[in-house]
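Input: a single structure, listed below in structure tokens.
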Amino acid sequence: MAITATPASADAAFSSDAVAFVDAFLPPSGSSNIDFSVKLTGAYATNGQPDKKVWVHFTKDDTASSITWVNGTVTQPSAVTTVPSPNEVVVKGVLPVSTNDVASDKWRLELALTETSATTAPTSGWTKATDFTVAAATRVTNFDIDPSTVTLKSGTSVDVGIRAIVEKHGNEVFKDARVESDETSDYYSLHTGFEADDKTYYDFVAMDSSTATGRWQAKLTFTRGTKTYEFVKSFNVTKGSSGKAKSKVTFAVSPTKVKKGKSVKMYGTVYRGYTSWGPWKKKILKLYFKKKGTKTWKFAGYIGANNSGKFTKTVKPKYDGYWRVGAFATSVTLGKWSAYKYVDVR
């Protein structure tokens, strides 16, 4: 009887393809990881078990006289019931980094293979060396709240300014901006645009005695790929007692992108109340506009609410900018600004 031998698989080796990185950048705060992947050929033995174990280490400066290597983490190939054809797998790993590291083109990664039973990184046999560049990430500096402590007065509102310098590096997206109470669900939305220099951020909210007291924070949120970063500045809000009714305004714009000469609809509801909310009937509101890149709000007209507190107005915007409506105080009711709405005029 003839016996047919099963040929042994080729030893595992790194493919000639380059090591692939997913947006190598430093986190703007704290710690993070740089993701990478590499193809491994001859990945499995004939029984479907991984043929080798993959190791990675990297240096943050390959020009240093004495190079310091840092170990990364690799997700090892799992056993398979059927060896794939071709016998290869994409191995993924991460390199730990922090905001204190230096962005440069001096970073270098090396890979190694050992027996699958190995429990410590090898001292030799490092191959598949790859130089790569690590970019800086968005940073927020000069983050200030003015006034730093907000003291609310009965019957009046206080403009609270939020200022910051945003140093963008790469494909970050300015996702959200707001000021929010640490203790309640109260918050104010802010715009997500910059001044003319494309790095200075400024906006403000008008707080009155209906605003919750206690610890507040201004929060700027950026995303880059799948990662989200928040920059936070805290401040305090205090106030005295008031016998006036509170008010609030909802405000919406549709559409938010419009061709020049076309109209948008601005609408919402104005409320007032002591212990429960009801419509602020027949209230006359003021509409204001702030052109993108400027700091001054300009009066743009009046809007009248009906008996249900609902109001609507059709406007033909000429410029990109922000819109809001104000329900101004009376002798028995506090005033209130709506949230801002941005309209993109094309």
Side-chain angles (χ1 to χ4, degrees), residues 1-27 31-98 100-137 169-171 224-227:
M1 178 184 294
I3 298 176
T4 302
T6 301
S9 61
D11 289 340
F14 294 114
S15 165
S16 60
D17 295 345
V19 176
F21 292 90
V22 180
D23 196 11
F25 69 97
L26 298 178
S31 300
S32 186
N33 292 310
I34 294 174
D35 301 309
F36 74 91
S37 62
V38 63
K39 185 183 292 183
L40 189 65
T41 62
Y44 297 102
T46 53
N47 62 359
Q49 295 295 317
D51 186 62
K52 297 292 182 182
K53 191 172 188 176
V54 182
W55 299 85
V56 61
H57 69 190
F58 67 102
T59 179
K60 302 168 186 178
D61 185 359
D62 64 356
T63 64
S65 56
S66 178
I67 294 179
T68 300
W69 294 97
V70 180
N71 291 326
T73 302
V74 175
T75 301
Q76 301 296 332
S78 300
V80 295
T81 55
T82 302
V83 176
S85 179
N87 184 3
E88 59 188 30
V89 67
V90 174
V91 177
K92 296 182 178 181
V94 295
L95 311 178
V97 293
S98 78
N100 296 322
D101 290 326
V102 178
S104 75
D105 60 357
K106 300 177 182 179
W107 294 55
R108 185 178 181 86
L109 170 149
E110 291 183 347
L111 295 163
L113 294 171
T114 66
E115 298 302 320
T116 56
S117 59
T119 57
T120 58
T123 57
S124 61
W126 293 94
T127 60
K128 195 63 176 177
T130 301
D131 294 321
F132 63 104
T133 298
V134 175
H169 297 279
N171 299 320
R224 180 162 175 164
T226 60
K227 299 175 182 178

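Count residues from 1 along the sequence. Note that the structure is predicted; figures quoted are calculated from it, not measured.
- A distance-only check finds no donor-acceptor pair linking the side chain of Asp51 to the backbone of Asp11 [under 3.5 Å].
- Remark: Thr133 OG1 to Lys106 NZ distance equals 11.5 Å, nearest 0.5 Å.
- Between Val70 and Pro96, the shortest heavy-atom contact is CG1-CG, 4.4 Å.
- Listed here is the closest heavy atom pair of Pro27 and Ala137: C-CB, 4.2 Å.
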Scan the side chains in residues 121-129 for donor-acceptor partners under 3.5 Å anywhere in the protein, sequence neighbours excluded, and list what turns up.
{"residue": "Trp126", "atom": "NE1", "partner": "Pro122", "partner atom": "O", "Å": "3.2"}
{"residue": "Lys128", "atom": "NZ", "partner": "Ser15", "partner atom": "O", "Å": "2.7"}
{"residue": "Lys128", "atom": "NZ", "partner": "Asp17", "partner atom": "O", "Å": "2.6"}

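- Considering OH of Tyr44 and OG of Ser85, their distance stands at 13.5 Å, rounded to 0.5 Å.
- Considering only heavy atoms from C-beta on, Val74 comes within 4.5 Å of Gln76 through its side chain.
- Contacts of Thr226 classified as side-chain hydrogen bond (donor to acceptor under 3.5 Å, both in side chains), with partners at least two apart in sequence or in another chain: none.
- The 12-atom threshold is exceeded at NZ of Lys227, counting heavy atoms of other residues, nucleotides or ligands nearer than 6.0 Å.
- The minimum heavy-atom distance between Pro84 and Val80, with the atom names listed, is CD-CG2, 4.3 Å.
- The shortest distance between side-chain heavy atoms of Phe14 and Val19 does not fall below 4.5 Å.
- Taken from CZ in Phe132 to CG in Leu95, the straight-line distance is 5.5 Å, to the nearest 0.5 Å.
- Remark: Trp55 CH2 to Thr73 OG1 distance equals 10.0 Å, nearest 0.5 Å.
- Between the CG atom in Asn33 and the OG atom in Ser98 there is a gap of 11.0 Å [rounded to 0.5 Å].
- Using a 4.5 Å heavy-atom cutoff, the side chains of Leu113 and Leu40 are in contact.
- Looking at Trp69 and Ile67, their side chains come closer than 4.5 Å, going by heavy atoms from C-beta outward.
- In this structure, the side chain of Thr116 does not engage the main chain of Lys53 through any donor-acceptor pair within 3.5 Å.
- In this structure a side-chain-to-backbone donor-acceptor pair under 3.5 Å is missing from Glu88 to Ala43.
- Side chains of Ile34 and Val134 form a contact here, defined as non-hydrogen atoms less than 4.5 Å apart.
- Relative ring orientation between Phe21 and Phe36 is described as tilted, the plane-to-plane angle lying within the 30° to 60° band.
- Looking at heavy atoms from C-beta onward, Asp105 lies out of side-chain contact with Asp131 at the 4.5 angstrom threshold.
- Across Phe25 and Ala136, no two heavy atoms sit closer than the pair CB-O, 4.2 Å.
- Proximity of Val102 to Asp61: side-chain heavy atoms (C-beta onward) are nowhere separated by under 4.5 Å.
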